[in-house]
Amino acid sequence: MNADGQKTNDQLKCLVTGASGYIGGRLVPELLEAGHAVRCLARSPGKLRDHPWAGEVESVGGDVTDAASVAASMRGIDVAYYLVHALGTGSGFEDTDRRAARIFAEQAEAAGVRRIVYLGGLTPKGVPERELSPHLRSRAEVGRIFLEAPVPATVLRAAVVVGSGSASFEMLRYLTERLPVMVTPSWVSTRTQPIGVRDVLHYLVGSATMPAHVDRAFDIGGPDVLTYQEMMRRYAEVAGLRRRLIVSVPVLTPRLSSHWVGLVTPVPASIARPLTESLRHEVVCDEHDIALYAPDPPGRPLPFDEALDLALRRVRDAEVTTRWSSAAVPGAPSDPLPTDPDWAGGSLYEDERALTVDASRESLWKVVEGVGGDNGWYSFPLAWAVRGWLDRLVGGVGLRRGRRDAEHLRVGDSLDFWRVEEIEPGHLLRLRAEMRLPGLAWLEMYAETCDGGITRYRQRAVFHPRGLLGHVYWWGVSPFHAAVFGGMARNITQAATKGLCAHANEARTGRRRRRAPARSRTRR
């Protein structure tokens, strides 16, 4: 913008859908760095609040399947990025993808948008579309809808994206690190052309300034063409692991493979399946014409080993900006926490506990913000692990999504089978459950200062049952609350106290900790 707030000739107004997801969350700062203005369309704009770039963009609420909200988000837009898909929403996801793409294309034309940019999947040459996996088939159809629409489109087609936090990278990482000897399906011998996430972002940003006459698809990939087996061996080498023994067998179908991946890695079967299905056919770039419009910098695109090394360094340095789990789980509950006026007359079960803490509020908050992931949940680890396994058995995300950052959380972060719904630094952490449940569930943790400067930890679990099964579920698990929630409250306060003692290098354990009564109650 110039001094008068007007758009300069070089600046474009870009709409980014899927800004809470893995690619979208990384594209926004790249567009800002390139000098463009950015508007983000999200179903829950609040999820973007804690991103470092949140104050530099305009965030609007809406859904790509709702024509009115898409139309409103398109006003004044030059370039519209489409980075969403309905995968995982059920058997009708292809219909949803088709309908959303048509709405997006129609509203872009009506608003006078100059270009649509879409990131899709690289499809195998010579394979009829009907023989592709539903995932790849839908991606191809969405790209075709945009190319047939009046607004010029850039459709980028990528295979395996290698970057810290990507589903493809984490699948590769955990399979290789956890299994020195592997019996694998035949698709590990299929050739593919991986690409580093930095290069994907480079081409996405470059697509914004393509000439108006360019209306086509581009294959994007790195310089290496590898089988998945070779990628695992290269990963072991880059990560300093011993050489992996890999034996492929033809009997493992994509469905069985996805459950096998879900068992060994944090990537659930619902996400692993489309990834493994897309590896059934060879996917290699046919051209590199994208470089005519977004020239490659020296040394780019990155070789596979360099992309791996960069991703591993990001993981080790805890600098993972977005993860595959950044986007909300399709079909997961997204209702806000119930309040008394709105839910009067309905059942709302609560388990509430409060303890005084012989530590500062800051020390307590540090423990609260560090829950989950490798830090655990401070109570009955076996119970949490079993709950995670049960969730995976019924198609849920399970407990192993972990954390994006070991110490800090932001709204929208996935946290094992929870999602950060609200965070007030130093005071409140509210998590919404994304495990499979017959109802809606939240867990709140508070760090408070009471009269006399006493620190208090308050914990509240809330459950709104759906139907008879929901009530049966609550009363069935209630006997375990003392061990799980009670133990969690006690151990969090003890951890805060020990942390303070270690930090201050003085023992204060002689002081008696005062405890508020724990209680479990039902409100109607």
Side-chain angles (χ1 to χ4, degrees), residues 10 12 14 16 18 21-36 38 53 79 81 83 115 117-123 143 153-170 172-173 191-211 214 216-228 230-231 233-235 237-239 282-317 319-324:
D10 294 331
L12 298 172
C14 300
V16 177
Y22 177 72
I23 294 293
R26 298 187 180 209
L27 175 62
V28 169
E30 296 291 329
L31 290 171
L32 293 171
E33 180 67 23
H36 303 310
V38 177
W53 40 260
V79 181
Y81 285 88
L83 303 174
R115 178 166 298 278
V117 181
Y118 170 61
L119 177 62
L122 186 60
T123 53
T154 300
V155 174
L156 303 181
R157 309 192 310 166
V160 175
V161 177
V162 181
S164 59
S166 76
S168 297
F169 171 75
E170 292 206 2
L172 175 67
R173 172 189 171 199
R191 296 198 316 158
T192 188
Q193 193 162 349
I195 181 171
V197 67
R198 290 191 179 192
D199 294 312
V200 173
L201 296 172
H202 171 72
Y203 297 138
L204 283 168
V205 173
S207 297
T209 53
M210 284 186 176
V214 178
R216 56 164 290 189
F218 295 90
D219 294 351
I220 58 172
D224 301 300
V225 177
L226 304 164
T227 66
Y228 205 86
E230 289 170 332
M231 286 194 286
R233 285 182 170 146
R234 297 273 279 270
Y235 179 95
E237 187 175 332
V238 171
E282 181 176 290
V283 280
V284 177
C285 295
D286 231 14
E287 39 81 15
H288 190 57
D289 295 349
I290 187 67
L292 299 174
Y293 306 100
D296 296 319
R300 304 275 286 273
L302 288 174
F304 179 71
D305 288 3
E306 287 187 34
L308 276 183
D309 185 57
L310 281 170
L312 281 168
R313 273 190 276 155
R314 288 281 189 180
V315 171
R316 289 165 180 164
D317 295 341
E319 294 179 350
V320 181
T321 55
T322 62
R323 298 180 65 220
W324 60 270

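- One distance of note links NE2 of His288 with CZ of Phe218; it measures 11.0 Å at 0.5 Å rounding.
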### Message
Please determine whether side chain to side chain contact (heavy atoms under 4.5 Å, CB included) holds for the pair Arg216 and Val155, giving the CA-CA distance in whole Å, both sets of side-chain angles, and the decisive distance to 0.1 Å.
### Response
CA-CA 6 Å; Arg216 56 164 290 189; Val155 174; over 6 Å; no

### Message
Run Ser207 and Arg115 through side chain to side chain donor-acceptor pair (under 3.5 Å) and show every step you take.
### Response
CA-CA 9 Å; Ser207 297; Arg115 178 166 298 278; over 6 Å; no

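- A 4.5 Å side-chain heavy-atom check between Cys285 and Leu122 finds at least one atom pair inside the cut-off.
- Closest heavy-atom contact between Tyr81 and Ala208: OH-CB, 3.4 Å.
- Counting only heavy atoms from C-beta outward, the side chains of Arg300 and Arg198 approach each other to under 4.5 Å.
- Put simply, CD1 on Ile195 and CG on Asp224 are 11.5 Å apart, with the number rounded to the nearest 0.5 Å.
- The environment of Arg173 atom CZ is dense: over 12 non-hydrogen atoms of other residues, nucleotides or ligands sit within 6.0 angstrom.
- The two residues Arg26 and Ser164 have their closest heavy-atom pair at NH2-O, 2.6 Å.
- Thr123 and Arg157 form a side-chain donor-acceptor contact under 3.5 Å, judged by distance and modelled atom types alone.
- Taking CG from Asp296 and OH from Tyr203, the interatomic distance works out to 3.5 Å, rounded to the nearest 0.5 Å.
- Residue Leu83 comes nearest to Gly24 through the heavy atom pair CD1-CA, 3.8 Å, listed as atom of the first residue, atom of the second, then distance.
- With sequence neighbours left out, Val238 forms a side-chain contact (heavy atoms from CB on, under 4.5 Å) with Asp305, Leu308, Asp309, Leu312.
- The CG atom of Leu119 sits 6.0 Å away from atom CG of Leu156, with the distance rounded to the nearest 0.5 Å.
- For the atom pair CH2 (Trp53) and CG (Leu32), the distance works out to 8.5 Å, reported to the nearest 0.5 Å.
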#### Entry: From CA spacing to verdict: side chain to side chain contact (heavy atoms under 4.5 Å, CB included), Val162, Ser168
CA-CA 7 Å; Val162 181; Ser168 297; over 6 Å; no

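- Closest non-hydrogen pair, Pro301 versus Gly221, comes out as CG-O, 3.7 Å.
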#### Entry: Chi angles and distances behind the side chain to side chain contact (heavy atoms under 4.5 Å, CB included) call for Leu226, Thr192
CA-CA 6 Å; Leu226 304 164; Thr192 188; 5.6 Å; no

### Task
Might you work through the side chain to side chain contact (heavy atoms under 4.5 Å, CB included) test for Val160 and Phe169, ending with a clear yes or no?
CA-CA 8 Å; Val160 175; Phe169 171 75; over 6 Å; no

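- Interatomic distance, CG of Leu12 versus OG1 of Thr209, reported as 7.5 Å (0.5 Å rounding).
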